[in-house]
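Computed from a predicted model, the values in this text were never measured in an experiment.
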Amino acid sequence: MKNFLLPIFLLLGVFAHSQIVNIPDANFKHTLLNIACVDTNNDGSPDSDADLNNDGEIQVSEAEAVWYLSVYKLTSVPDSEKISSLEGIQSFTNLRRLKCWNNLLTELDLSQNLNLNSLDCRLNRLTTLNVSQNTGLFGLTCSSNLLTDLDVSNNVNLNSLRCSDNM
């Protein structure tokens, strides 16, 4: 019986450590896997993709290793290459800085990214932005969206807020 259970426990242990983050938006996943969008040497500039083990997926452990994520698109990028959803971002639990401007985002929920302190999500199509649990947030730029409501009442450290040109 012992010999039968040991392989099962080993398999469960391997599976538990290699859980894959569900990222349904193809452009978001492509960016994470193929574009230098994370800062790995803490110099404030993206220098690597998020797929640290190069297996074509983002494991929870890889997402947790990211503290700065830059997935903004230049104005010359066609809409077909822009990101419509950041679903999966909740697994980036140690994320401190997020730049996701000039995409096609309509909603952004960062309530599970409790370490976030800087967000630039301007030039999207956001109608919903949830930063209600980001008490360490000190900089927020959400200009040029479609926001009609923004609750920053829990963002006690917010010292820079730019949200002009919304609906």
Side-chain angles (χ1 to χ4, degrees), residues 17-105 107-126 129-145 150 152 154-165:
H17 289 291
S18 63
Q19 290 178 325
I20 295 173
V21 177
N22 180 32
I23 302 169
D25 185 285
N27 291 332
F28 183 32
K29 189 168 186 177
H30 174 80
T31 300
L32 291 172
L33 297 177
N34 300 294
I35 309 290
C37 61
V38 300
D39 179 11
T40 60
N41 62 6
N42 297 331
D43 69 354
S45 196
D47 51 38
S48 173
D49 62 47
D51 184 16
L52 300 177
N53 67 3
N54 295 314
D55 70 345
E57 297 290 348
I58 302 298
Q59 277 74 32
V60 170
S61 59
E62 291 172 318
E64 290 172 344
V66 175
W67 68 271
Y68 171 46
L69 180 61
S70 179
V71 294
Y72 68 87
K73 301 296 179 183
L74 299 174
T75 53
S76 59
V77 172
D79 282 356
S80 62
E81 296 179 22
K82 293 182 180 181
I83 298 167
S84 297
S85 170
L86 289 184
E87 185 176 336
I89 196 77
Q90 66 277 4
S91 295
F92 291 71
T93 55
N94 292 309
L95 190 62
R96 305 278 192 287
R97 293 177 57 202
L98 174 60
K99 291 183 178 181
C100 57
W101 51 274
N102 199 31
N103 279 291
L104 301 174
L105 303 174
E107 60 183 46
L108 185 55
D109 184 352
L110 298 168
S111 61
Q112 294 183 40
N113 303 90
L114 302 179
N115 292 307
L116 192 68
N117 57 41
S118 177
L119 171 62
D120 186 345
C121 59
R122 64 190 144 131
L123 295 167
N124 276 285
R125 298 174 181 171
L126 291 174
L129 175 60
N130 186 347
V131 291
S132 62
Q133 301 301 311
N134 307 99
T135 57
L137 191 66
F138 63 79
L140 171 58
T141 301
C142 57
S143 303
S144 300
N145 278 291
L150 180 63
V152 293
N154 291 335
N155 306 106
V156 295
N157 292 306
L158 194 63
N159 63 27
S160 175
L161 174 61
R162 294 184 175 111
C163 61
S164 63
D165 297 323

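Side chains of S84 and N103 form no contact here, defined as non-hydrogen atoms less than 4.5 Å apart. Side chains of V131 and L158 form no contact here, defined as non-hydrogen atoms less than 4.5 Å apart. Using a 4.5 Å heavy-atom threshold, the side chains of T31 and C37 count as touching. You'll find the side chain of C100 reaches within 4.5 Å of the side chain of L108, heavy atoms only. Counting only heavy atoms from C-beta outward, the side chains of E62 and E64 never approach each other to under 4.5 Å. Contact of the I58 side chain with the I20 side chain is not registered, since no non-hydrogen atoms from C-beta on lie closer than 4.5 Å.
Rounding to the nearest 0.5 Å gives a distance of 6.0 Å between CG of L140 and CG of L129. Separating the CG atom in N54 from the CG atom in L33 is a distance of 9.5 Å, to the nearest 0.5 Å. To the nearest 0.5 Å, atoms CG (N155) and CZ (F138) are separated by 12.5 Å. Of the inter-residue distances, the one linking L137 atom CG with S160 atom OG reads 9.5 Å to the nearest 0.5 angstrom. Here L123 contributes atom CG and S144 contributes atom OG; the two are 5.0 Å apart, rounded to the nearest 0.5 Å. Atom CG of N145 sits about 10.0 Å away from atom OG of S164, to the nearest 0.5 Å.
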**OP:** Using the side-chain hydrogen bond (donor to acceptor under 3.5 Å, both in side chains) rule, take N53 and E57 through it: C-alpha gap first, then chi angles, then the decisive distance, then the call.
**Re:** CA-CA 9 Å; N53 67 3; E57 297 290 348; over 6 Å; no

**OP:** Begin from the C-alpha positions of N102 and N124 and carry the test side chain to side chain contact (heavy atoms under 4.5 Å, CB included) through to its verdict.
**Re:** CA-CA 5 Å; N102 199 31; N124 276 285; over 6 Å; no

**OP:** Go through S45 and D43 one step at a time and tell me if the side-chain hydrogen bond (donor to acceptor under 3.5 Å, both in side chains) criterion holds.
**Re:** CA-CA 6 Å; S45 196; D43 69 354; 4.8 Å; no

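Not a single side chain to side chain donor-acceptor pair (under 3.5 Å) links Q133 to another residue, sequence neighbours left out. Scored by the ring pair (Phe, Tyr, Trp, His ring centres under 6.0 Å) test, Y72 finds W101 as partners (sequence neighbours excluded). Remark: R122 engages D120 in a salt bridge (Lys or Arg N to Asp or Glu O under 4.0 Å) (not counting sequence neighbours). Residues that satisfy the side chain to side chain contact (heavy atoms under 4.5 Å, CB included) test with N22, not counting sequence neighbours, are P24, E87. Taking K82 as the reference, D79 meet the salt bridge (Lys or Arg N to Asp or Glu O under 4.0 Å) condition, with sequence neighbours excluded.
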For residues 112-119, tabulate all N or O donor-acceptor pairs below 3.5 Å that involve a side-chain atom, not counting sequence neighbours.
from	atom 1	to	atom 2	distance (Å)
N113	ND2	I89	O	2.9
N113	ND2	F92	O	3.0
N115	ND2	T93	O	2.9

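A donor-acceptor pair is defined here as one N or O able to donate and one able to accept, closer than 3.5 Å; such a pair exists between the side chain of D109 and the backbone of S111. A donor-acceptor pair under 3.5 Å is absent between the side-chain atoms of N134 and the main chain of N154, judged by distance alone. With D25 contributing its side chain and F28 its backbone, the two residues share a donor-acceptor pair below 3.5 Å. Without hydrogens or angle criteria, E81 side chain to P78 main chain gives no donor-acceptor distance under 3.5 Å. Counting only distance, with no hydrogens or angles, the side chain of R96 and the backbone of N94 share a donor-acceptor pair below 3.5 Å. Side-chain atoms of N34 never come within 3.5 Å of backbone atoms of D49 as a donor-acceptor pair (strictly under, hydrogens ignored). Looking only at distances, a side-chain donor or acceptor of N157 sits under 3.5 Å from a matching main-chain atom of T135. A side-chain donor-acceptor contact under 3.5 Å links D51 to the backbone of G56.
Around the CD atom of E107, the shell of radius 6.0 Å holds no more than 12 heavy atoms that belong to other residues, nucleotides or ligands.
Counting all heavy atoms, side chain and backbone alike, S85 lies closest to I83 at O-CG2, 3.3 Å. Across all non-hydrogen atoms, the minimal contact from P46 to S70 is CG-CB, 3.7 Å. In plain terms, the two heavy atoms of G44 and D39 that are nearest each other are N-OD2, 2.7 Å.
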